[in-house]
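These notes are about the structure you will find just below.
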Amino acid sequence: MDISDVLDDLNTAQREAVSAPPGNILVLAGAGSGKTRVLVHRIAWLVRVEQISPYSVMAVTFTNKAAQEMRQRTEALLGIPTAGMWVGTFHGISHRLLRQHWQEAGLLQTFQILDAQDQQRLVKRILKNLELDETRWPVKQAVWFINSRKEEGVRPQHIPDTGDLTTRQLVRIYTSYEEQCKRMGVVDFAELLLRTLELLRDNQELLAHYQQRFQHLLVDEFQDTNSIQYALLRLLAGKNNFVFAVGDDDQSIYGWRGARIENIQQFSDDLSNTQLIRLEQNYRSTGNILKVANHLINNNQGRLGKALWTASGEGTPVELYAAYNEMDEARFVADRVQQWVALGEKRSEVAVLYRSNAQSRIFEETFISMQIPYRVYGGLRFFERAEIKDALAYLRLCVNHEDDASLERIINQPARGIGERTLDIVRSLAREKDISLWRAALDCLDVKLFSNRAMHSVQGFVKLITDLSKQMHGLPLSEQVDHVVQASGLMQLHVADKSEKAQTRKENLEELVSAARAFEYEADESETLSPIDAFLSHAVLESGEAQGDAWEDCVQMMTLHSAKGLEFPLVFLCGLEEGLFPHQMSMEEPGRLEEERRLCYVGITRAQQNLILSYAENRRLHGRENYCVPSRFISELPAEHLQEIRPRAMVSRPVVVSPKARVPGGSVEGIRVGQRVSHKKFGDGVVLNYEGQGSHARVQVNFERAGSKWLVMAYANLTVL
DNA sequence: GCGACATTGTTTTTT
DNA sequence: ACAATGTCGC
């Protein structure tokens, strides 16, 4: 048999991983070492050489995008369709299992999925119901509590009552949340995984069936798995199946949302006959870039250890620019982008990376003014837009009247005269009788609990939903969506409004209908689920790209997190300042600081040919001018591989006041930007800027308590600290 | 019930 | 600074 295309073009380590005899294998794949390639070729090896049926293979990733890529590349390599193969995200695969075994899992056949937004709204509602003060019980904290318990596999009844009042209260919230979800027939993201784990754990027959079916489990980005995902994997693996996990402990950047880097370290303890293979040859970056990356990541403790190397040359040195402020930083980047383009290179080969989204703004402004096309990644996805969520809420309510979350969302959208007052009457009846809002609304109408006006409005709403539900019956999916969008008045609402935003919303609603039509087209005949239920789940589970395929030749702008997995010939890594990167919130704990360092490592290793680092000495943040200290990560880089770029002469460098400027009574000698000074009234601060000479000299000081102020040197009477 | 002001918090993001 | 909530008055 010809297996040349399965093993050709692989290096020794890659080949070793791909052709390893069936067993539990952990591949430590450094950045740019051909991780996805190894996974795809491994599947091909199993099918072609080991003669494993594609139906016995399950491949799991974290994002839909990665799953799609794996599917495509596998198909291309194997030359057979992979439709019967289980390739997907942990959530997607769990969803599929729950749909198939909804009864055993204790769900409604038509259960729907709650996204993060909906979940937060629901918890908020519950806090109100329980009459808890939102300042003492912040919604976010309650959501975090619920999600992290679920990620640990802990149900409310598992939490012991230690008498701690805070815990007791949170458990109350968690319990109520679960009841509501059950009544409404919805599950959140964490629930998809936990419910699947429980389903298989508590159902020996089912477990045996799937253990028999999936002999090979392949996992991508293994360092990002959380406890439940890892448990699910081990459960499916059982004693007889094989796990092939690919990951990189140095690229674990999602600890804050439950990813457990420990899973990598535990792999060999938890599974039998494990083999560890390292992929250290990097095919992406130049030698200089790799040296800088290796040097930085060496500052982390407890790594599994890995040193990337490349067979290609040193390349150009990594550069470091010390900007005067964030405007200067952005202008510098824009200038260099134009130089790059002037050399005949593409803008789309350039990435501007930053720690937090707020930083994109100044770059956007600068790029606009210099007419450089750009594209910002991240932000609201298609199915998360308000108008889309409104339309989906109508559909969900029509399909399932018990869906309170959806009812709350659209009962007065578009406005039909049902306000808080009216809604409160419905809510209290629902709570009292423990029924859904929909039924409560019907009951309220029956016993005439509303004022005349409200009565009329609610009747109108009830009729609208009842009619829509009836009319939808038997229509093809896209027509159902179209009809609901029209008849609900949502479309009219935006058509009537001539503003640009409303026009976009209108177009988005039209796009939703197109999406439904496309979905209809590829709908699986074997699905037992109705098209509309399938479409609604699809919308939540695959919320789509944030920005459409506006693929001109654009500079790519994104956070470091969203850059993972991508590569660019020219990379700018910006805002390397203490407090910003590493972020203030992560500087205290050593563990979190190490994650920031890994994030920096991820950023550096995105670069193929050129890497330019930058920081600003001053930065306006939350409306405050701040004097910034360069990031500790800069000092952790090898100086001999860094080339500092001298700022232009115009930009303020530390100013030393000449002896002439000395003012009686004020000790001004040595005042320069960044100098700490003290003022009688304003207290301590840092010099931000300086202008003028002699008695006209003015100095800008950022006081810790009083904020930023311009002071005349002659009167300020500053003391140098 | 709706629009106008005030208050608040501000890392990262997928599913 | 600024956006996204929440509160208040009509």
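Only heavy atoms go into these numbers, but all of them, side chains included; no hydrogens, no water, no symmetry mates. Naming: A, B, ... by sequence-line order, numbering from 1 per chain. Everything quoted here is computed from the prediction, not taken from an experiment.
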(message) Treating primed atoms plus P, OP1 and OP2 as sugar-phosphate and everything else as base, which nucleotides of nucleotides 2-10 of chain C get B, S or - for protein heavy atoms under 4.0 Å?
(response) SS-SS----
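- Nearest nucleotide to the A:E596 side chain, out of B:dT13, B:dT15, B:dT11: B:dT11.
- Put simply, CD on A:Q117 is 13 Å from C1' on B:dT13, counting in whole angstrom units.
- Among the heavy atoms of the strands, none lies under 4.0 Å from A:S543.
- Which of B:dT10, B:dT11, B:dT12 sits closest to the side chain of A:N357 comes down to B:dT12.
- A cation-pi arrangement is absent between A:R381 and A:F383, since the terminal nitrogen or guanidinium carbon is not both under 6.0 Å from the aromatic centre and inside a 45° cone about the axis.
- The distance from atom NE2 of A:H91 to atom P of B:dT15 is 9 Å, rounded to the nearest whole Å.
- Not one side-chain nitrogen or oxygen of A:T559 sits closer than 4.0 Å to the OP1 or OP2 atom of B:dT12.
- Comparing the P positions of C:dA4 and B:dT13 gives a spacing of 16 Å, expressed to the nearest Å.
- For B:dT12 and C:dT5, the P atoms lie 15 Å apart once the distance is rounded to whole Å.
- Distance from the side chain of A:K140 is smallest for B:dT10 among the nucleotides B:dT11, B:dT10, B:dG1.
- For A:R592 against B:dT11, a side-chain N or O and a base N or O form a donor-acceptor pair under 3.5 Å.
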Below 3.5 Å between N/O atoms, which protein atoms pair up with nucleotides 2-4 of chain B? Just atom names and distances, please.
| from | atom 1 | to | atom 2 | distance (Å) |
| --- | --- | --- | --- | --- |
| B:dC2 | OP2 | A:N412 | ND2 | 3.1 |

